[in-house]
Amino acid sequence: VVHGGAGAWQQERIGVGVEGVREAAKVGFEVLKRNGSALDAVEAAVMQMEDNEVFNAGLGSVLTIDKRIEMEASIMDGKNINAGAVGLLRDIKNPIHLARLIMENTDHVFIVGYGAEKLADLFGLERRNPLTKSRVQAWREEKEKLPKTDRLSKLHKLIASYPRIFESETVGAVALDKSSNVAAATSTGGFTLKFPGRIGDSPLIGAGTYADNECGACSATGIGEVAIKLVLAKTTCESMRNGNPAQKAVEKSIRLANLKMNGLSMGLIAVDMSGRIGAAHNSPNLCWAYMTPD
Ligand code: GLY
């Protein structure tokens, strides 16, 4: 199951968004078909979306208020609950790949900024300028609308006045493989005009990403602060651990977000250990796709 972000997808972008997630689901599924692991599948699916400028992750990441790129991502293997995460990346081509390398080659889980980029050099990772014309234009348009006084406003006020800032198109994937292992991965540029140094849910294990073979896997999208406060990916996995199928688990988590966080935009995808899938959102849209053996 893959997602290309919860939010309000503009009519003219829906076609390319749906096409992008379909492609990513196929890429991930091909890995599983060739007996690849769930971990390989979620990484491949997310990399595919990081390379597609339609989405706000990797190429096409949105800009901070001071016109910087700060990408973040995380990946988790349900087989052994190993996890890797990165943040504050400027130009790494595939943040999710660096997250995986951190998981597999260091004793750490989460490395950001300078240190993460140093590791990327060590691993010989490719770099790329993620800036696209359309993101620069969106940044300019939204910044003009935002008076100085509003720049640190509470999220609710900002969302009411400048909804386009929060049209997050974070990407994510969850998978179950033939050996009954699950994995989850999430990657994002954050949201337009975010404060520099702001970290969202996507690189946080438990908030944006969670996988455990004892329950299932989940990836979140939407306003990161919601998923952080409710530790939403882990909450969803715990719900599956308690016997709820994936669809029921994501719906319960979205209800929780509505109850506790006033319905701030949130979307979730999940897979449980029986291969049942789930997707739910309280945002106007969730761009997502799935593929099963059938
Ligand atoms: N969910 C993406 C973010 O809030 O950064």
Side-chain angles (χ1 to χ4, degrees), residues 1-22 24 49-50 52-65 71-72 132-146 150-151 153-173 186-195 198 200-202 207-208 219-230 232 250-251 253-269 278-290:
V1 193
V2 307
H3 70 73
W9 279 73
Q10 304 295 311
Q11 195 59 38
E12 66 275 12
R13 302 190 60 243
I14 288 178
V16 283
V18 170
E19 191 51 40
V21 286
R22 280 191 180 149
M49 291 184 280
E50 287 178 337
N52 182 344
E53 69 171 79
V54 167
F55 301 113
N56 170 23
L59 185 66
S61 284
V62 298
L63 291 156
T64 64
I65 195 147
M71 299 176 287
E72 47 199 47
T132 60
K133 272 192 194 140
S134 73
R135 297 301 188 198
V136 174
Q137 191 186 330
W139 177 85
R140 200 168 290 128
E141 283 167 10
E142 295 306 312
K143 191 153 184 264
E144 267 164 26
K145 286 190 225 153
L146 190 71
D150 271 358
R151 283 182 190 169
S153 280
K154 291 286 186 191
L155 277 173
H156 271 290
K157 185 172 171 241
L158 278 178
I159 291 160
S161 312
Y162 313 99
R164 291 210 62 179
I165 293 175
F166 296 94
E167 285 170 9
S168 306
E169 294 132 17
T170 296
V171 306
T186 314
S187 180
T188 191
F191 63 81
T192 310
L193 303 186
K194 69 180 178 179
F195 198 80
R198 176 263 188 191
D201 59 320
S202 306
S219 169
T221 168
I223 296 175
E225 283 70 9
V226 177
I228 293 173
K229 289 181 187 175
L230 298 173
L232 216 50
V250 289
E251 285 173 10
S253 291
I254 292 295
R255 277 205 296 279
L256 182 69
N258 289 341
L259 194 71
K260 294 271 195 187
M261 299 291 294
N262 259 330
L264 281 180
S265 177
M266 190 40 56
L268 295 164
I269 57 168
H281 57 107
N282 60 10
S283 49
N285 310 106
L286 174 68
C287 184
W288 72 290
Y290 70 94

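Below, each value reflects all heavy atoms present in this structure, side chains not excepted, and no hydrogens, waters or symmetry copies. The chain is numbered in sequence order, starting from 1.
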Residues forming a side-chain hydrogen bond (donor to acceptor under 3.5 Å, both in side chains) with N282, sequence neighbours excluded: N258
With sequence neighbours left out, write down each residue that passes side-chain hydrogen bond (donor to acceptor under 3.5 Å, both in side chains) with E251, or none if nothing qualifies.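 Here the qualifying residues are Q247.
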Is there a side chain to side chain contact (heavy atoms under 4.5 Å, CB included) between L63 and V136 once you walk through the steps? CA-CA 7 Å; L63 291 156; V136 174; 4.1 Å; yes
Name all residues meeting the salt bridge (Lys or Arg N to Asp or Glu O under 4.0 Å) criterion together with R198; count only those two or more places apart in sequence or in a different chain, and write none if there are none. E225
Suppose we screen for side chain to side chain contact (heavy atoms under 4.5 Å, CB included). Which residues come up paired with [X], at least two apart in sequence or across chains?
X: V62; value: N56, R135, T192
X: K260; value: L230, L256
X: I228; value: D201, L204, A207

Would you kindly say whether T170 and T188 are connected by a side-chain donor-acceptor distance under 3.5 Å? yes
Are any non-hydrogen side-chain atoms of [X] and [Y] less than 4.5 angstrom apart?
X: V2; Y: V171; result: no
X: I254; Y: L268; result: yes
X: Q137; Y: K133; result: no
X: P284; Y: W9; result: no

Mind listing the closest non-hydrogen atom pair of [X] and [Y] along with its distance?
X: T221; Y: G5; value: OG1-CA, 3.3 Å
X: M71; Y: G58; value: SD-CA, 3.6 Å
X: M49; Y: G4; value: SD-CA, 4.5 Å
X: A57; Y: S187; value: CB-O, 3.5 Å

For [Y], does its backbone N or O pair with a side-chain atom of [X] as donor and acceptor, under 3.5 Å?
X: W139; Y: T64; result: yes
X: K143; Y: A138; result: no
X: E72; Y: G200; result: yes
X: T186; Y: G208; result: yes

Can you tell me how far the [atom1] atom of [X] sits from the [atom2] atom of [Y], to the nearest 0.5 Å?
X: C287; Y: F55; atom1: SG; atom2: CZ; result: 5.0 Å
X: I269; Y: H281; atom1: CD1; atom2: NE2; result: 12.5 Å
X: L264; Y: I223; atom1: CG; atom2: CD1; result: 5.0 Å

Yes or no on side chain to side chain contact (heavy atoms under 4.5 Å, CB included) for V21 and H3, after CA distance, side-chain angles and deciding distance? CA-CA 6 Å; V21 286; H3 70 73; 5.7 Å; no
Applying side chain to side chain contact (heavy atoms under 4.5 Å, CB included), run through L59 and E50 and close with a yes or a no. CA-CA 6 Å; L59 185 66; E50 287 178 337; over 6 Å; no
